[in-house]
Amino acid sequence: MTELGRGGHWRNWVGNQSFIAQHMAEPEDEAHVSEVVAEAGRRGIGVRCQGSGHSFTPVVATSGLLLSPKKLTGIIDIDKTNKTIRVKAGTRIGDVGRALKEQGLSLINQGDIDTQALAGALCTGTHGTGIKLGNMASQIRGMRLVQPSGEVLDVSLDTDEEMLRAVQVSVGVMGVITEFTLQVMDAYNLHEKLWRDDFDTMLAKHDELAATHRHFGFFWCPRPESRHLYCLPDTSAASSTDKDYDVCEMKVMDFTDAPPDSVSGPFEKIAYSSEIYPIEYVPNFHELEYAVPLAAAKEALCAVRELMLTKHPECIYPIEYRFTAGDPGWMSPFHEQDSITLSVSGGPGIDYWAYLNDVDQILRRYNSRPHWGKMHFLNRRDVEDLYPRANDFRALRRKLDPEGMFLNDHLKLMFG
Ligand SMILES: Cc1cc2nc3c(=O)[nH]c(=O)nc-3n(C[C@H](O)[C@H](O)[C@H](O)COP(=O)(O)OP(=O)(O)OC[C@H]3O[C@@H](n4cnc5c(N)ncnc54)[C@H](O)[C@@H]3O)c2cc1C
């Protein structure tokens with residue numbers, strides 16, 4: 001009988017999700033993943049994988065077998081001609097960036113942090129900002145997933161595009177991912193600029209900044225102390241406004257031929273792509289984020305700002321606002337829909353549910369789709385209404401995993 005490992009307690013990065021698993025295993029390689037998954041199947045034990053625990057939702061939770069990505073890490077191959085990378089699924093995004101830099105390549109886009117496991121980030125549709133840039137999962141060209149029997153499903157964009165679109169954002173319910181092949185591009189440096197605008201100035205420039213910069217996004221800060229909650233720098237010296245409340249901390253990033261560090265200061269810097277994207281956060285917030293269709297972006301933003309200024313003035317975490325292009329992934333929050341993402345947060349230990357619920361009620365009006373790893377109020381019906389391929393996704397999931405081995409209570413509600 002295969003050993004499944006001693007169980008134990010698990011908690012996520014911010015500490016709002018925790019559970020006790022009956023077994024915990026750190027598979028050495030894909031063959032070992034197959035062995036433990038098949039054994040769990042024989043014993044009727046559920047299986048979930050952890051990434052780096054940066055999701056705020058109960059997407060990792062299991063009372064059965066929890067698989068760690070710790071040893072499923074490393075670069076398998078870099079193809080410089082086709083600009084692709086084969087990488088084990090537990091590799092941290094930052095490590096992928098460092099390996100690509102050595103080979104004169106770059107990831108196409110990244111989010112605000114680079115400590116997530118690749119599989120964790122891609123499974124939930126993690127994104128950066130850029131009106132013409134898809135989420136990170138839209139860069140997948142192939143992936144391998146261990147099925148309940150222990151067999152491996154090898155999916156490639158070249159040979160089975162429909163299957164790839166089905167599994168590219170799966171929240172871990174289509175099997176244990178062991179590796180990805182990702183599209184990458186020639187190495188590039190980014191020139192980042194930060195400044196502060198008041199809200200109306202930002203609105204007036206919104207469309208132009210989005211259209212003319214590779215990356216544009218901002219944090220709207222209702223109070224002077226808001227920016228400290230997200231470790232944002234003090235941009236007053238680069239500010240177009242004297243105000244320090246109800247302001248936008250603006251950021252653009254663009255390609256540059258200038259060498260790294262040829263510009264370097266508190267509000268402007270140039271560096272290799274993957275060294276510019278990540279910013280600093282501390283685990284002091286519980287975040288909700290929805291992808292809002294681009295056409296409704298400014299209206300939705302104004303409505304949430306109004307809610308915060310009038311009904312919930314005590315809620316002072318910034319709104320983070322970014323752009324992501326639509327993609328064909330069946331369960332991608334950006335499925336066939338160019339979007340902005342709008343996020344708000346509550347503080348640990350504070351009863352923020354009425355506030356988050358009000359934000360949800362506003363964003364629902366625009367058919368916005370939640371980030372799978374951030375707090376939301378989605379039920380089974382909502383998933384059907386928002387995702388045209390939801391029933392196809394469920395049918396495929398039931399075919400691949402008839403016993404629901406890779407589901408937990410949270411995921412059963414949406415995908416069971
Ligand atoms: C400080 C902070 C900053 C963030 N910044 C951004 C951002 O800029 N953009 C954005 O979109 N999101 C962002 N997020 C959200 C984050 O990217 C997602 O929640 C992401 O899923 C976390 O990755 P992880 O490795 O921690 O995965 P986890 O949260 O541990 O897991 C996520 C999901 O992946 C599944 N999974 C993990 N490994 C496997 C595997 N091998 N096979 C199958 N399933 C697997 C898990 O079971 C789970 O369902 C941020 C979160 C935090 C806390």
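Counting starts at 1 for both ligands and their atoms, following the listed order. Only this structure's heavy atoms are used, side chains among them; waters, hydrogens and symmetry mates stay out.
Looking only at heavy atoms of the protein, atom 31 (O) of ligand 1 is closest to V60 CG2, 3.7 Å. Looking from atom 51 (C) of ligand 1 to the surrounding protein, the closest heavy atom is H54 O, 3.5 Å. Nearest protein heavy-atom neighbour of atom 35 (C) of ligand 1: C123 SG, 3.9 Å. At the top of the distance list for atom 24 (P) of ligand 1, counting protein heavy atoms only, stands S52 N, 3.3 Å. In this structure, atom 2 (C) of ligand 1 lies nearest to the protein heavy atom I113 CD1, 3.5 Å. For atom 9 (N) of ligand 1, the nearest non-hydrogen atom of the protein is H127 O, 2.8 Å. Ranking protein heavy atoms by distance to atom 41 (N) of ligand 1, first place goes to I177 O, 2.9 Å. Given atom 32 (C) of ligand 1, the protein heavy atom at minimum distance is S55 OG, 3.5 Å.
The environment of CD in E225 is crowded: more than 12 heavy-atom neighbours from other residues, nucleotides or ligands sit within 6.0 Å. Remark: D409 CG is loosely packed, at most 12 non-hydrogen atoms of other residues, nucleotides or ligands lying under 6.0 Å away. Environment of CD in E403: sparse, with no more than 12 heavy atoms of neighbouring residues, nucleotides or ligands closer than 6.0 Å.
Every heavy atom of G128 sits 4.0 Å or more from the atoms of ligand 1. Heavy atoms of Q110 stay at 4.0 angstrom or farther from ligand 1. Ligand 1 does not have F406 within reach: every non-hydrogen atom of the residue lies 4.0 Å or more from it. Taking a 4.0 Å cut-off on heavy atoms, K374 registers as neighbouring ligand 1.
The residue among Q116, E320, R48, K88 with a heavy atom at the shortest distance from atom 17 (O) of ligand 1 is Q116. The option with the heavy atom closest to atom 30 (O) of ligand 1, from among G51, A121, P69, is G51. Comparing P58, G120, A137, G373 against atom 21 (O) of ligand 1, the shortest heavy-atom distance belongs to G120. Closest to atom 46 (C) of ligand 1 by heavy atom, among C49, G172, G217, is C49.
At a heavy-atom distance under 4.0 Å, only side-chain atoms of H371, from C-beta outward, approach ligand 1. No part of W372 comes within 4.0 Å of ligand 1, judged by heavy-atom distances. Contacts with ligand 1 closer than 4.0 Å are made by side-chain heavy atoms of T124 only, the backbone lying farther away.
Those atoms of ligand 1 with a heavy atom of G111 less than 4.0 angstrom away are 8 (O). Residue V176 has at least one heavy-atom neighbour below 4.0 Å for each of these atoms of ligand 1: 42 (N). Per-residue contacts place V171 under 4.0 angstrom from the following atoms of ligand 1 (heavy atoms of the residue considered): 49 (O). Remark: ligand 1 atoms within the under-4.0 Å shell around heavy atoms of Y281 are 1 (C). Shown in contact with A119 at under 4.0 Å from a heavy atom are these atoms of ligand 1, numbered in order with element: 38 (N), 39 (C), 40 (C), 41 (N). Which parts of ligand 1 touch W13 is read off a 4.0 Å heavy-atom cut-off, strictly below it: atoms 1 (C), 53 (C). Residue Q50 approaches ligand 1 through these ligand atoms, each under 4.0 Å from one of its heavy atoms: 30 (O), 37 (C), 38 (N).
In this structure, F219 has its ring center no closer than 6.0 Å to that of Y321. For H215 and Y277, the gap between ring centers is short of 6.0 Å. The ring of F393 has its center no closer than 6.0 angstrom to the ring center of W330.
Counting all heavy atoms, side chain and backbone alike, S226 lies closest to P222 at OG-CD, 3.3 Å. Scanning all heavy atoms of the two residues, the minimum distance from Q168 to M143 falls at CA-SD, 4.2 Å.
Screening E268, K269, H213 against H191 for a side-chain hydrogen bond (donor to acceptor under 3.5 Å, both in side chains) leaves a single residue, E268. Checking R196, E320, M202 one by one against E249, the side-chain contact (heavy atoms from CB on, under 4.5 Å) holds for a single residue, R196. Exactly one of L411, V176, L67 qualifies for a side-chain contact (heavy atoms from CB on, under 4.5 Å) with R48. That residue is L411. Each of F334, F56, F415, Y290 was compared with W372 under the ring pair (Phe, Tyr, Trp, His ring centres under 6.0 Å) criterion, and only F415 meets it.
Polar contact with ligand 1: absent for A89 (N/O pair, distance under 3.5 Å). The distance criterion of under 3.5 Å between nitrogen or oxygen atoms is met by T126 with respect to ligand 1. The distance criterion of under 3.5 Å between nitrogen or oxygen atoms is not met by F285 with respect to ligand 1.
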- prompt: Does the pair L190 and E275 meet the rule for a side-chain contact (heavy atoms from CB on, under 4.5 Å), with working shown?
  reply: CA-CA 9 Å; L190 284 176; E275 291 156 12; over 6 Å; no
query: What's the verdict on side-chain contact (heavy atoms from CB on, under 4.5 Å) for K193 and M250, showing C-alpha distance, side-chain angles and the deciding distance?
result: CA-CA 8 Å; K193 290 185 194 158; M250 312 279 280; over 6 Å; no
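Between the side chains of T126 and T124, at least one donor N or O lies within less than 3.5 Å of an accepting N or O. Between the side chains of D327 and S332, a donor-acceptor pair is found at a separation under 3.5 Å.
We find that E162 and R389 are joined by a salt bridge, their nearest charged nitrogen and carboxylate oxygen being less than 4.0 Å apart.
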